[in-house]
Protein chains: 2
Amino acid sequence: MNSFEMFSASALSAWLDQASDAAPHPPNDHLADLQNDAAEALMAHSFLRHCAPGQAVLVEGEPAEFVGLVISGVLKVCRSLADDRQQIVGLLFAGSFFGRAFETVAHFSVEAASEAEIRCIRRRDFEVLLERHPDLQQHMLSIVLDELQAARDWMVLLGCQETLERVACFFALLLQRGEGGSDRVTFPIGRRDIAGYLGTTVETLSRQVQLLSREGVIEILDGKSFRILDPVRLISLSGT
Amino acid sequence: MNSFEMFSASALSAWLDQASDAAPHPPNDHLADLQNDAAEALMAHSFLRHCAPGQAVLVEGEPAEFVGLVISGVLKVCRSLADDRQQIVGLLFAGSFFGRAFETVAHFSVEAASEAEIRCIRRRDFEVLLERHPDLQQHMLSIVLDELQAARDWMVLLGCQETLERVACFFALLLQRGEGGSDRVTFPIGRRDIAGYLGTTVETLSRQVQLLSREGVIEILDGKSFRILDPVRLISLSGT
DNA sequence: CGCGCTATTGAACATGTTCAACGAAGGTGG
DNA sequence: CCACCTTCGTTGAACATGTTCAATAGCGCG
């Protein structure tokens, strides 16, 4: 219903759970759970790859050879404009799918925003698999629908929220992903990328974080880690 | 490759063309072209509906009974925040599909932004059809992927373009849809909705339109219609 | 005609950006 | 191990951009 849900189902993993229950899937399960033909074929055609921060996986405008899954770390989906403005249109956490079937030329770049491990599948192989397995296709549809919703939620944030609200949203987002305890939050990526994602600058971001701290909403532990002192107020500040 | 393409393939219509050629489909063909079982079933379960400007088709937070196709006119997909800020996350022109399979509660509102005609299908019926017809599913996947791309393109616009660029983009968008001659453009909806879409206010929008006119890029014919005097400059102003 | 709605315009104001300076952390080579 | 350098994050002050509020004009409609 709001931007906190944006990474909820961006995982091919869900399909790989053959369990037909409708329970939500944790974001961290991945290909290791495979159980059927298609999944095995997927694994067979895939390979693991390690990415250093800043390394490009797909480059906008260049041939798109791969699709894949994030195993660990964070990738960013972004577009760069003529001057060096850059907008990040999505963050990919562990379990997220990236790339697009039937797209020969990448429309957006995908880069590691931190140390990351990904499992790559040749796009062609993936397309063949997709055509052979209607249920995989159905799951892709569901994943992409969720991503569309997430993208639109983020459009709302970019289009009509002020920066304090955006920063609060980002904290709430991380808090909801809930790694590192129920009141702890750690920035998995640098300020530049966060700012890019929030549609603002590092300076403004820094000011708003300090503001949240002065207001007693968060406590700054080491510039990368925070304790959420007042979650209720945080949510309320995030607007909706 | 840029935001002008955002409405390119948002049409279920494409599927209904049984022609297997890969040629792009004009945005205005629609259900009337149906030729097979599924399409007939779709038609059988659908009904036509006329909407006055401002009339709601789906309301965010309420049960989502329908999906459908826009026959004529323009609808807006939007979310409203607590104070009466409203962000429009998508515009639906003739040929566009709206609504989402398997979504019981609407995540966004869909409202007529002008006089409009739509063809509605009960969501349940559509879901059944979807499960029975893998090729329909494939087409839905392709439609949704295009919409995701469009949404992300618009995120770039909202996140790091200034308002003059956004307005130029909007003109370029209308120009590319090319209704009413190759150098004529008509706003199909009011200033309020355009501003909502561009993430700005009616006042700023008005100023930038007047600016484009003073600069000789466009000529204002009657406040709703314009002549594009300098398309090249317009594109350049739109930034990428 | 007068009412309501939409669009335009001006001026004060708020918000966020830019530019510049600074301090802290981490890596490299002597 | 230290000096050096680069990168990252923070902070301040001037500046630019867009918003808000208020007033006005144009248009369609009863």
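All values derive from a computational prediction rather than experimental measurement. Protein chains get the first letters and strands the later ones, always in sequence-line order, with residue 1 at the start of each.
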Whole-Å gap separating C1' (C/dG16) and CG (A/L158): 15 Å
Each nucleotide N or O in nucleotides 21-30 of chain D that has a protein N or O under 3.5 Å away: list the pair and distance.
unit_1: D/dC21; atom_1: N4; unit_2: B/E203; atom_2: OE2; d: 3.3

Any side-chain heavy atom of B/I88 within less than 4.5 Å of one from B/V77? no
Pair B/L92, B/V74 - check side-chain contact (heavy atoms from CB on, under 4.5 Å), show working. CA-CA 5 Å; B/L92 305 166; B/V74 181; 5.9 Å; no
Starting at CG of A/D193 and ending at C1' of D/dT7, how long is that distance when rounded to a whole Å? 14 Å
Starting at atom CZ of B/F187, determine the distance to atom P of C/dA7, rounded to an integer number of angstrom. 10 Å
Using a cut-off of less than 4.0 Å, is there contact between a side-chain N or O of B/T204 and OP1 or OP2 of D/dT19? yes
Picking from C/dG16, C/dA7, D/dT11, which would you name as closest to the side chain of B/R191? C/dA7
Salt bridge or not between A/R85 and B/E165? Use side-chain N to carboxylate O under 4.0 Å. yes
Atom CG of B/D84 and atom C1' of D/dT20 are separated, to the nearest Å, by 13 Å
Counting the atoms with a prime plus P, OP1 and OP2 as sugar-phosphate, which does A/T163 contact under 4.0 Å by heavy atoms, base, sugar-phosphate, or nothing? sugar-phosphate
Distance in angstrom units between B/D83 CG and D/dT19 C1', rounded: 14 Å
Please list, by residue number, the residues of residues 208-223 of chain B whose heavy atoms come closer than 4.0 Å to an atom of DNA chain D; answer none if no residue qualifies. B/Q208
Separation of atom CG in A/L205 from atom P in C/dG16, rounded to whole Å: 12 Å
Do A/V232 and A/D230 touch side chain to side chain, with heavy atoms closer than 4.5 Å? yes
Is B/R177 close enough and on-axis enough to B/F93, meaning under 6.0 Å and within 45°, for cation-pi? yes
I'd like to know whether the aromatic ring centres of B/F66 and B/F98 sit less than 6.0 Å apart in this structure. no
Counting side-chain heavy atoms from CB outward, which of D/dT20, D/dG18, D/dG9 is closest to B/T201? D/dT20
Does one side chain, of A/H50 or A/E115, offer a donor that lies under 3.5 Å from an acceptor on the other? yes
When rounded to whole Å, the CD to C1' distance for the pair B/E162 and C/dT15 reads 15 Å
What is the distance, rounded to the nearest whole Å, between atom CZ of B/R85 and atom C1' of D/dG18? 15 Å
Which value, rounded to the nearest 0.5 Å, describes the distance between B/Q208 atom CD and B/T163 atom OG1? 4.0 Å
Establish, with yes or no, whether the OP1 or OP2 oxygen of C/dA7 is under 4.0 angstrom from a side-chain nitrogen or oxygen of B/S206. no
Do B/H107 and B/R79 have side-chain N/O donor and acceptor atoms under 3.5 Å apart? yes
